[in-house]
Amino acid sequence: MDATTLPRLAVTAGEPAGVGPELVARLAASDCAADLVAITDKALLRRAASASGVVLDIVDDDGKRIASRPPGRIRVRHVPLAVAESPGHPDPRNARHVLDMLALAADGCLAGEFDGVVTGPVQKSSINDAGIPFSGHTEFFAERASAEVVMMLAGPRLRVTLATTHLPLSAVPSAVTPALLERTLRIVRTALASLFGIPQPRIAVLGLNPHAGEGGHMGHEEIDTIVPVLERLRAEGMELLGPLPADTAFVPAMRDRYDAVLAMYHDQALPVLKSEAFDSTVNVTLGLPFIRTSVDHGTALDRAGTGTANPASLFSATHLAMDLARQRRQS
Ligand SMILES: NC(=O)C1=CN([C@@H]2O[C@H](COP(=O)(O)OP(=O)(O)OC[C@H]3O[C@@H](n4cnc5c(N)ncnc54)[C@H](O)[C@@H]3O)[C@@H](O)[C@H]2O)C=CC1
Ligand SMILES: NCC(=O)COP(=O)(O)O
């Protein structure tokens with residue numbers, strides 16, 4: 001990418017029976033100043049455009065960088081469906097199609113063909129129903145890039161990162177080890193500085209138990225595992241708050257005291273973000289050698305094919321990826 005060309009972003013359409021393809025069509029129809037390369041089945045994108053009431057000029061991607069993109073023009077890397085989609089009803093026979101899109105996008109980013117990838121939502125259960133172990137894009141891209149990563153959800157007023165991602169709740173306590181916490185906090189600190197321009201970030205770390213263990217009366221993970229890691233990293237100069245009780249860490253009086261939160265598990269913090277900024281929150285994978293942003297929502301099967309899905313989260317994810325790509329170009 002040079003100063004005269006647009007950020008070149010792979011956009012994966014996600015689950016073909018979900019709202020992803022419609023949202024990609026809406027994005028392509030917008031005046032977003034990015035070189036968007038949809039990774040999807042071409043006929044599926046045409047049907048999604050028609051369901052959303054937008055007209056697209058769909059062309060094959062020739063790999064060349066471009067300086068401008070008229071609204072409606074979208075380049076495509078064709079990844080064929082196994083079977084035609086039925087909106088609202090994922091078919092596990094299309095699981096390989098979904099994973100092929102992710103692999104193509106990741107490999108293209110690693111090869112420098114794309115400046116980043118923006119992902120539409122996938123139906124994880126449908127991939128699992130096909131007999132393929134899969135827990136999320138975050139883990140898929142980490143493995144593909146051989147990187148240690150952290151999931152962040154960034155909204156207009158709150159950034160939340162996760163120590164563990166897609167685990168059953170019963171597996172969380174034993175997964176929260178000193179090594180995991182230390183690695184995660186280092187990745188979060190580095191990313192807040194390099195991606196979000198906060199050179200000395202303040203990170204609030206949540207406890208695992210109610211009331212952060214209430215001094216050991218409601219669980220010991222804080223005393224045994226979390227506090228020693230925080231003390232060690234504070235001694236290195238990291239600004240860490242906590243461990244804080246999760247139920248009060250997000251109250252208005254606390255918000256000014258940190259730049260990001262580290263939660264111990266998925267549902268400890270994501271409901272806070274999704275309930276206050278569902279439309280504008282973006283999922284960002286920290287620690288990858290390439291930019292990856294995503295919608296915060298799922299496949300919305302109840303809306304698929306109706307053209308009523310809100311594209312705001314995909315727009316926000318794309319704009320963040322564009323900003324990060326430009327920033328990388330300048331650094
Ligand atoms: N980035 C990803 O790939 C993600 C995938 N998922 C997957 O999505 C599937 C469904 O998950 P759910 O928990 O049902 O969450 P969901 O986000 O698909 O749906 C929850 C509710 O929000 C509504 N909604 C979601 N996106 C919307 C949009 N753009 N505009 C208007 N309304 C919208 C839906 O209609 C539904 O009422 C699961 O397989 C889950 O694993 C969930 C989150 C992220
Ligand atoms: N709730 C966020 C989520 O599950 C998305 O995960 P991923 O597919 O981006 O790893």
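Because the structure is a prediction, the values reported are computed rather than measured. Quick note: residue numbers are just sequence positions, from 1. Indexing begins at 1, ligand by ligand and atom by atom, following the structure's order.
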Right, does [atom] have protein non-hydrogen atoms nearer than 4.0 Å?
atom	answer
atom 31 (C) of ligand 1	yes
atom 41 (O) of ligand 1	yes
atom 20 (C) of ligand 1	no
atom 12 (P) of ligand 1	no
atom 35 (O) of ligand 1	yes

Inspect the contact between [Y] and [X] and indicate whether a charged nitrogen and a carboxylate oxygen are less than 4.0 angstrom apart.
X	Y	result
Lys124	Glu139	no
Glu276	Arg255	yes
Asp35	Arg69	no
Arg8	Asp61	yes
Asp60	Arg77	no
Arg75	Asp62	yes
Asp115	Arg328	no

Closest approach of [X] and [Y], non-hydrogen atoms and distance?
X	Y	result
Leu6	Arg65	O-NH1, 4.2 Å
Thr308	Glu22	N-OE1, 4.3 Å
Arg329	Thr4	NH1-N, 4.5 Å
Leu180	Ala163	CD2-O, 3.3 Å
Ile187	Val149	CD1-N, 4.2 Å
Leu206	Met264	O-CE, 3.3 Å

Please say whether [X] places an N or O atom under 3.5 Å from an N or O atom belonging to ligand 1.
X	result
Gly298	yes
Asn283	no
Asn310	yes
Pro121	no
Ala309	no
Thr308	no
Lys274	no

Do Leu9 and Leu104 belong to the same hydrophobic cluster, where Ile, Leu, Val, Met, Phe, Trp and Tyr are linked whenever their side-chain heavy atoms lie under 4.5 Å apart, directly or via other members?
-> no

Linking I/L/V/M/F/W/Y whenever any side-chain heavy atoms sit under 4.5 Å apart, do Val150 and Leu162 land together?
->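 No, it is not one cluster - the side chains of Val150 and Leu162 are not joined through contacts under 4.5 Å.
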
Relative to the heavy atoms of Phe278, which atoms of ligand 1 are at a distance of less than 4.0 Å?
->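 Those qualifying, in numeric order: 17 (O), 22 (O), 24 (N), 25 (C).
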
Contact atoms of ligand 2, heavy-atom distance to [X] under 4.0 Å:
X	result
Met151	6 (O), 10 (O)
Lys274	1 (N)
Gly136	8 (O), 10 (O)
His137	7 (P), 8 (O), 9 (O), 10 (O)
Leu270	1 (N)

Counting only heavy atoms, tell me which of [options] gets closest to [atom].
atom	options	result
atom 3 (O) of ligand 1	Thr138, Thr299, Thr306, Val122	Val122
atom 9 (O) of ligand 2	His297, Lys124, Arg292	Arg292
atom 27 (C) of ligand 1	Ala300, Ser313, Pro90	Ala300

Quick one: look up the protein heavy atom nearest [atom] and list residue, atom name and how far away it is.
atom	value
atom 3 (C) of ligand 2	His166 NE2, 3.5 Å
atom 1 (N) of ligand 2	His266 NE2, 2.9 Å
atom 10 (O) of ligand 2	Thr138 OG1, 2.5 Å
atom 44 (C) of ligand 1	His297 O, 3.2 Å

Would you say Val19 contacts ligand 1, with heavy atoms under 4.0 Å as the rule?
-> no

Just let me know how [X] lines up against ligand 1, side chain, backbone, both or neither, with a heavy-atom cut-off below 4.0 Å.
X	result
Glu15	neither
Ser294	side chain
Asp302	side chain
Arg303	side chain

For the residue pair Phe134 and His137, categorise the inter-ring angle as parallel (less than 30°), tilted (30 to 60°) or perpendicular (more than 60°).
->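 Geometry flag for His137 against Phe134: perpendicular rings.
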
What do you reckon, is CD of Glu143 surrounded by more than 12 foreign heavy atoms closer than 6.0 Å?
-> no

